[in-house]
Engineer: 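Questions regarding the structure given below will be posed in turn.
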Amino acid sequence: MVEPHRRCYCLPAVDLRKKAVGGIVYVSVISARKLSRSNLRGSPPRREQSHSLNGSLVEHFDDEDLRTFVEVELGQLTRRTEVRLGSSPRWDSTFNMVLHEDTGTLRLHLYNCPPNSVKYDYLASCEIKMKYAADDSTAFWAIGPDSGVIAKHAEFCGNEVEMVVPFEGVTSGELTVKLVVKEWQFSDGSLSLNKFNVSSLKSMYGSSNLLSRTGRKINVAIMEGKDLISKERSGKCDPYVKLQYGKVLQKTRTAHNSNPFWNQKFEFDEIVDDGCLKIKCYSEEIFGDENIGSARVNLEGLLEGSIRDIWVPLERVNSGELRLQIEAVRVNDSEGSRGSVSGSFNGWIELILVEAKDLIAADLRGTSDPYVRVQYGSLKKRTKVMYKTLNPQWNQTLEFPDDGSPLELHVKDYNALLPTYSIGDCVVEYQGLPPNQTSDKWIPLQGVTRGEIHVRITRKVPELQTRSSLEADASLTKSHQISNQMKQSMIKLQSLIEDGNLDGLSTALSEMQSLEDIQEEYTVQLETEQMLLLNKIKQLGQEIMSSSSSLSTRSSGF
């Protein structure tokens with residue numbers, strides 16, 4: 001495609017010197033006209049025969065049985081209209097599209113959908129290019145009739161532009177499209193919104209939006225989704241969302257419809273070198289979860305004091321959007337960083353998985369082999385397996401460093417050969433608990449017809465005390481015990497492998513997994529105590545320094 005000359009649209013002398021890094025565009029596919037089978041590509045046209053007045057046979061094309069739809073493509077994002085009949089179809093379909101740069105090419109493909117056929121016939125295409133201009137306006141252009149250029153200019157965000165674009169490479173047919181740039185996002189975090197320029201946003205949120213990258217949190221709330229696709233014939237969709245910012249991974253709970261509501265909030269430390277939030281949406285399946293779309297959101301330069309509430313369309317699929325609320329929050333130095341090891345440490349989460357009752361039967365014999373997989377942010381742990389029961393008792397304690405992550409419980413049916421089967425999940429709410437107070441509760445399991453799980457959870461924020469030599473000896477003894485148990489399990493496992501005892505091998509593997517979990521819990525406990533000790537030493541050092549400075553001040557006064 002050839003870009004237009006400067007004469008096609010006016011560029012004012014104003015140059016605000018901003019770098020656009022992305023935008024949101026509403027694309028409305030209105031209608032098409034002059035569609036003719038004889039002039040479009042695709043399958044051979046349907047012919048009908050009739051006789052003229054002099055008796056000769058006349059052959060003509062039937063354009064009224066066309067069944068067309070338009071596929072809209074912008075980068076990795078694609079959307080489709082409904083199918084409409086005739087040579088002048090009208091769709092009136094609007095799509096929320098995302099740009100990841102200051103320019104983009106919108107491709108519109110016309111297809112015919114023959115009746116009683118699973119194949120689509122490609123007919124024609126056209127393109128519209130768009131680019132951010134330095135005065136906060138947007139330029140649109142496309143190839144017009146006779147290889148000319150059609151150019152439009154939107155002076156501000158929210159200004160609607162209508163373009164009638166001919167299909168390329170064919171002799172007839174044109175498409176009417178309306179375009180609205182909802183916002184442009186800039187590298188300094190400012191936005192162009194409906195006649196608001198960057199200076200007006202600064203006056204609303206402060207004198208400058210060139211904010212420091214240190215000491216800030218990014219709060220991301222996954223609110224809801226709509227029109228998520230289902231790859232199963234039954235139409236069943238069990239979606240969940242994975243978020244990645246830097247090296248931190250987070251995950252929502254699993255919902256059970258194509259228009260889910262999560263309302264889950266996640267917290268990330270702001271990163272200097274990576275301002276991109278990566279989103280992947282999955283549908284939970286028995287034999288491997290299906291990817292049902294992905295997206296990227298630029299988080300660079302977010303303004304403090306304002307929440308961005310946006311619908312993000314999913315890429316690499318034909319439908320689906322996620323609603324996000326994003327906020328940047330300044331964290332005081334005294335509060336520290338809960339999600340960072342370098343910040344002040346707030347203790348740990350102690351979770352006791354006591355028991356469950358009335359679980360569903362996953363096996364043909366009417367029982368289950370339940371265990372619990374616990375996910376806390378990017379950390380994963382699991383309980384031991386309780387065989388052939390619907391009312392298991394684990395009485396197992398797990399610990400996690402308290403960083404405010406969601407705490408999810410996934411109850412699974414253990415199977416040594418086949419994939420595990422989900423028999424329910426839930427989220428444990430603990431964020432509002434007072435320090436060192438235990439909450440004892442039964443939580444109903446979601447995604448199943450029945451089942452509850454009994455947990456006790458405590459937010460541990462201990463005062464550091466001097467450990468006696470007896471406690472130190474006990475710690476060493478526990479470490480040796482875990483090591484000896486691991487060695488014995490390895491010997492037992494090797495013996496079972498040599499004997500070919502599959503039943504015993506399954507039990508031994510479960511015991512080995514439990515020992516690994518105990519070892520991991522103990523490691524976390526030691527790391528927690530080490531962190532508390534280092535923080536206490538740091539506080540004592542600061543107190544000594546402050547007292548020394550006060551003494552020197554008094555001495556100078558004398």
Side-chain angles (χ1 to χ4, degrees), residues 21-22 100 189 211-223 225 239-254 262-282 284 289 291 293-302 304 307-308 310 312 314-315 322-333 335-349 351 373-382 398-410 425 427-431 459 520-521 523-524 527-528 531:
V21 294
H100 296 296
L211 299 173
S212 171
R213 298 291 181 174
T214 60
R216 295 209 315 175
K217 295 285 187 180
I218 304 295
N219 294 331
V220 180
I222 305 294
M223 302 303 296
Y240 65 88
V241 179
K242 284 186 177 180
L243 304 174
Q244 181 177 356
Y245 183 62
K247 295 183 179 180
V248 179
L249 297 172
Q250 301 281 17
K251 175 179 174 292
T252 69
R253 60 180 174 271
T254 302
W262 289 288
N263 192 22
Q264 280 188 260
K265 186 176 180 180
F266 304 94
E267 185 179 77
F268 301 92
D269 290 314
E270 188 176 40
I271 301 173
V272 176
D273 298 327
D274 188 355
C276 181
L277 175 69
K278 299 175 183 176
I279 302 170
K280 291 186 178 180
C281 193
Y282 294 88
E284 193 173 85
D289 297 348
N291 188 322
S294 60
R296 293 176 296 155
V297 179
N298 192 338
L299 301 183
E300 290 183 342
L302 285 172
E304 294 175 18
I307 298 177
R308 293 199 63 199
I310 56 172
V312 179
L314 296 175
E315 300 177 355
L322 297 177
R323 182 185 168 208
L324 276 62
Q325 290 184 350
I326 304 171
E327 179 184 19
V329 179
R330 175 73 60 182
V331 180
N332 296 329
D333 293 337
E335 295 177 6
S337 175
R338 288 190 303 170
S340 174
V341 177
S342 62
S344 65
F345 196 79
N346 287 343
W348 64 89
I349 300 298
L351 173 67
R373 180 168 61 83
V374 184
Q375 181 158 351
Y376 183 77
S378 58
L379 297 177
K380 294 181 181 179
K381 298 184 180 183
R382 52 170 285 178
L398 305 176
E399 293 180 343
F400 304 91
D402 186 1
D403 61 4
S405 297
L407 181 58
E408 302 174 8
L409 308 182
H410 302 275
D425 52 62
V427 176
V428 182
E429 301 292 344
Y430 68 92
Q431 287 85 351
R459 299 189 74 174
E520 186 178 354
E521 294 166 24
T523 303
V524 171
E527 290 175 352
T528 301
M531 185 62 64

Engineer: To the nearest 0.5 angstrom, please state how far the NZ atom of Lys251 sits from the CG atom of Leu243.
Structural biologist: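 With rounding to 0.5 Å, NZ (Lys251) is 11.0 Å from CG (Leu243).
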
Engineer: Compare all side-chain heavy atoms of Val374 with those of Phe400 and state whether any distance is below 4.5 angstrom.
Structural biologist: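 Of all side-chain heavy-atom pairs linking Phe400 with Val374, at least one is under 4.5 Å.
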
Engineer: Measuring only between side-chain heavy atoms, which start at C-beta, is Asp269 closer than 4.5 Å to Lys217?
Structural biologist: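 SC-SC contact between Asp269 and Lys217 confirmed.
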
Engineer: Indicate the atoms forming the closest heavy-atom contact of Trp262 with Arg253, along with that distance.
Structural biologist: O-NH2, 2.6 Å

Engineer: Between Ser294 and Lys278, is any pair of side-chain heavy atoms under 4.5 Å apart?
Structural biologist: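 Counting from C-beta outward, Ser294 and Lys278 never come under 4.5 Å.
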
Engineer: Can you confirm whether the side chains of His100 and Glu315 place a donor and an acceptor under 3.5 Å from each other?
Structural biologist: yes

Engineer: To check you understand the geometry: which heavy-atom pair defines the closest contact between Leu314 and Cys281, and what is its length?
Structural biologist: CD1-CB, 4.1 Å

Engineer: Shortest non-hydrogen contact from Tyr430 to Leu407?
Structural biologist: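 Tyr430 and Leu407 have their closest heavy atoms at CE2-CB, 4.0 Å.
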
Engineer: Carefully, step by step, assess Leu351 and Tyr376 under the rule side-chain contact (heavy atoms from CB on, under 4.5 Å).
Structural biologist: CA-CA 11 Å; Leu351 173 67; Tyr376 183 77; over 6 Å; no

Engineer: Quick check: closest heavy atoms across Gly225 and Leu322, and the distance to 0.1 Å?
Structural biologist: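 Gly225 and Leu322 have their closest heavy atoms at CA-CD2, 4.0 Å.
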
Engineer: So, do Leu277 and Ile218 sit near enough that their side-chain heavy atoms are less than 4.5 Å apart?
Structural biologist: no

Engineer: Is there a side-chain contact between Pro401 and Leu379, using heavy atoms and a 4.5 Å cut-off?
Structural biologist: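 Yes; the side chains approach each other to less than 4.5 Å.
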
Engineer: Students often mix this up, so state it plainly: with edges at 30° and 60°, are the rings of Tyr245 and Phe268 parallel, tilted or perpendicular?
Structural biologist: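 Geometry flag for Phe268 against Tyr245: perpendicular rings.
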
Engineer: Think Lys242 forms a cation-pi with Tyr282, using NZ or CZ under 6.0 Å from the six-ring centre and within 45 degrees of its axis?
Structural biologist: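 Yes, a cation-pi geometry.
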
Engineer: Determine whether a donor-acceptor pair (N or O, by modelled atom type, separation under 3.5 Å) exists between the side chain of Glu408 and the backbone of Asp425.
Structural biologist: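 No.
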
Engineer: Side chains of Val297 and Val220, heavy atoms from C-beta outward: is any pair under 4.5 Å?
Structural biologist: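 Sidechains of Val220 and Val297: no contact.
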
Engineer: Looking at OG1 of Thr254 and CD of Glu284, how far apart are the two atoms once the value is rounded to the nearest 0.5 Å?
Structural biologist: 4.0 Å

Engineer: With distance as the sole test, does Lys265 use its side chain to make a donor-acceptor pair with the main-chain N or O of Gln325 at under 3.5 Å?
Structural biologist: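 Judged by distance alone, no pair lies under 3.5 Å.
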
Engineer: Within the distance-only criterion (no hydrogens, no angle test), does the side chain of Arg373 pair as donor or acceptor with the backbone N or O of Lys380 below 3.5 angstrom?
Structural biologist: no

Engineer: With a 4.0 Å cut-off on N to O distance, would you call Asp402 and Arg459 a salt bridge?
Structural biologist: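 Answer for the salt bridge query: yes.
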
Engineer: Enter the distance from Gln250:CD to Gln375:CD here, rounded to the nearest 0.5 Å.
Structural biologist: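 These two atoms lie 8.5 Å from each other.
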
Engineer: Ile222 vs Leu324, test: side-chain contact (heavy atoms from CB on, under 4.5 Å). Steps then yes/no.
Structural biologist: CA-CA 5 Å; Ile222 305 294; Leu324 276 62; 3.9 Å; yes

